[in-house]
Protein chains: 2
Amino acid sequence: MTASAAQTSPRKRTGNGAARRIDADEIGLDGLIGHAGYAVRRFQIWIFQDFIKTLREVDIRPTQYSVLTVIGANPGLSQMAVAKRLGIERARLVHLLDSLEERKLLKRVKSKSDRRSHALHLTAQGETALAGFKRLAAEHERHIEEKIGKANRERLLQILAGFT
Amino acid sequence: MTASAAQTSPRKRTGNGAARRIDADEIGLDGLIGHAGYAVRRFQIWIFQDFIKTLREVDIRPTQYSVLTVIGANPGLSQMAVAKRLGIERARLVHLLDSLEERKLLKRVKSKSDRRSHALHLTAQGETALAGFKRLAAEHERHIEEKIGKANRERLLQILAGFT
DNA sequence: AGACGATTGTTGTCGTCAACAACAATCTTC
DNA sequence: GAAGATTGTTGTTGACGACAACAATCGTCT
């Protein structure tokens, strides 16, 4: 996108209220370039949108996917443990689990050793569904490769490995 | 944070309701590792929190900073141009500008050439304030270097240059 | 000149998400 | 057993993206 074609007039910085048609790609970012946060924010928005689009047919959003994946890999976790691991507020996790439980993808089992907590498990249906989600997620990951290059994607994962 | 110390029992995968004290760092991410989106999300959260913390004394959030920076570098831009350049909804920009204008950091000048639009300018106060913000933002950027390394930060900016 | 469509700023709604605070039930510890 | 901590839950707040509608204005076509 943003197919350049900035063939507007050369003069810039028109004093005050003077307005000329301005293409977005000819506006200087100035100090913003060189800010990692800005680049990362834009990149993250792009990634999430592609993830949502790629998994739209199964109606799974990134956070839901991360919850299902963690529970699938560690059955019996408590909500507290999942929340801490994924950096989600336990208050927020409640609603996430509500919707996933309504969709019969997982279930809350009352723990016998600690009657406050719930042990989280995928349903059989949830297991098979998750397998499908993972295939789509892999496709999404390929989109990223196409966007920034295979080597860059791996370098990126390596750089950010400490934040998992 | 998360000072390891995972000296809990070796057995895992306790069947059903059996709950044992579990440290967050011993929970497998499984398929989540290798997902660029997950790493980027965590990284972005970390960056934003550090930015907010570093600029708390001046009460400036990342989005506000990006708006001020772009206007500072391109005085006279319309709201539409700023919104398009930063990927912000113009509806959302209205509130952002409201608060910044209330704080006397910028002003909306009625454009004479196009009476629908406003030409955005920093106030004198806004210019000097922005200089201070930029110093703090540079400090924030140094925090990132300390976190992932100077070389990695530059590589990152290079990889994500297409998303500015 | 006049009409029609597009653009700009604005207001509003909706849903996602992080951050808190409060609460009942339950566990842990003294 | 009492006091304090933890777990799941409900609720509120505020930042944010997406969308729809609207009045004022511009550009264009005839």
Side-chain angles (χ1 to χ4, degrees), chain A residues 17 19-24 37 41-42 44-53 56 59-67 76-101 107-120, chain B residues 17 19-24 41-42 44-53 55-56 59-67 76-101 107-120:
Chain A
R20 173 178 66 79
R21 194 56 70 231
I22 293 181
D23 281 7
R41 167 179 167 258
R42 300 295 294 250
Q44 205 243 326
I45 290 175
W46 185 90
I47 286 190
F48 265 50
Q49 283 176 346
D50 184 84
F51 187 99
I52 293 171
K53 186 172 46 174
R56 185 180 307 283
D59 190 26
I60 287 291
R61 318 190 83 257
T63 315
Q64 297 175 315
Y65 179 78
S66 69
V67 169
L77 282 186
S78 69
Q79 299 187 191
M80 197 57 211
V82 171
K84 227 187 283 181
R85 186 63 187 87
L86 291 178
I88 302 175
E89 290 278 320
R90 66 188 200 282
R92 163 142 185 66
L93 187 59
V94 172
H95 302 298
L96 282 169
L97 294 178
D98 284 349
S99 86
L100 292 174
E101 199 172 20
K107 53 183 188 292
R108 288 185 247 226
V109 180
K110 274 187 288 191
S111 167
K112 299 189 175 181
S113 56
D114 186 343
R115 286 162 55 206
R116 294 169 302 180
S117 70
H118 296 155
L120 301 173
Chain B
R20 173 178 66 80
R21 195 54 71 234
I22 294 183
D23 282 7
R41 167 180 167 255
R42 299 295 294 251
Q44 206 243 324
I45 290 175
W46 185 91
I47 287 190
F48 266 50
Q49 283 176 346
D50 184 84
F51 187 100
I52 293 170
K53 186 172 48 175
L55 297 225
R56 185 181 306 286
D59 189 27
I60 288 291
R61 317 190 88 257
T63 315
Q64 297 175 314
Y65 179 78
S66 70
V67 170
L77 282 188
S78 70
Q79 299 187 191
M80 197 54 212
V82 171
K84 227 186 284 182
R85 186 61 188 91
L86 291 178
I88 301 175
E89 290 279 318
R90 65 189 202 281
R92 162 136 188 70
L93 186 60
V94 171
H95 303 298
L96 281 169
L97 293 178
D98 284 349
S99 86
L100 293 173
E101 197 171 22
K107 53 183 188 294
R108 289 185 245 225
V109 181
K110 274 187 288 191
S111 166
K112 299 189 177 182
S113 56
D114 186 342
R115 287 162 55 203
R116 292 170 302 180
S117 70
H118 295 154
L120 302 172

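Letters go in sequence order (proteins before strands), and every chain restarts at 1. Please read these numbers as outputs of a predicted model, since none were measured by experiment.
Not one side-chain nitrogen or oxygen of Ser117(A) sits closer than 4.0 Å to the OP1 or OP2 atom of dT26(C). For the OP1/OP2 pair of dT9(D) and a distance below 4.0 Å, the side-chain nitrogens and oxygens of Gln79(A) include at least one atom meeting the criterion. The side chain of Arg108(B) places no N or O atom within less than 4.0 Å of a non-bridging phosphate oxygen (OP1 or OP2) of dG9(C). Contact check, Gln49(B) against dA18(C): no side-chain N or O comes under 4.0 Å of OP1 or OP2.
Among the nucleotides dT11(C), dG17(D), dA21(D), the one closest to the side chain of Arg90(B) is dA21(D). If you check dG11(D), dA18(C), dA15(D) against the side chain of Ala91(A), the one that comes closest is dG11(D). For Arg92(B), the listed nucleotide lying nearest its side chain is dG17(D); candidates were dT26(C), dG17(D), dA18(C). When distances are taken from the side chain of Val94(A) to each of dC19(D), dA18(C), dT9(D), the shortest belongs to dT9(D). In this structure, of dC17(C), dT9(D), dT26(C), it is dT26(C) that holds the atom nearest to the side chain of Asp114(A).
Contact annotation: side chain of Arg116(A) to base of dT6(D), donor-acceptor pair present below 3.5 Å.
In this structure, Glu101(A) contributes its side chain and Arg108(A) its backbone to a donor-acceptor pair below 3.5 Å. For Arg61(A) (side chain) and Phe51(A) (main-chain N/O), no donor-acceptor pair under 3.5 Å exists by modelled atom type.
The distance from atom NE2 of His118(A) to atom CG of Leu97(A), rounded to the nearest 0.5 Å, is 10.0 Å.
Val82(B) pairs with exactly one of Ile88(B), Leu96(B), Leu120(B) by the side-chain contact (heavy atoms from CB on, under 4.5 Å) rule, that one being Leu120(B).
Using a 4.0 Å heavy-atom criterion, one finds that Gln64(A) contacts no nucleic acid atom at all.
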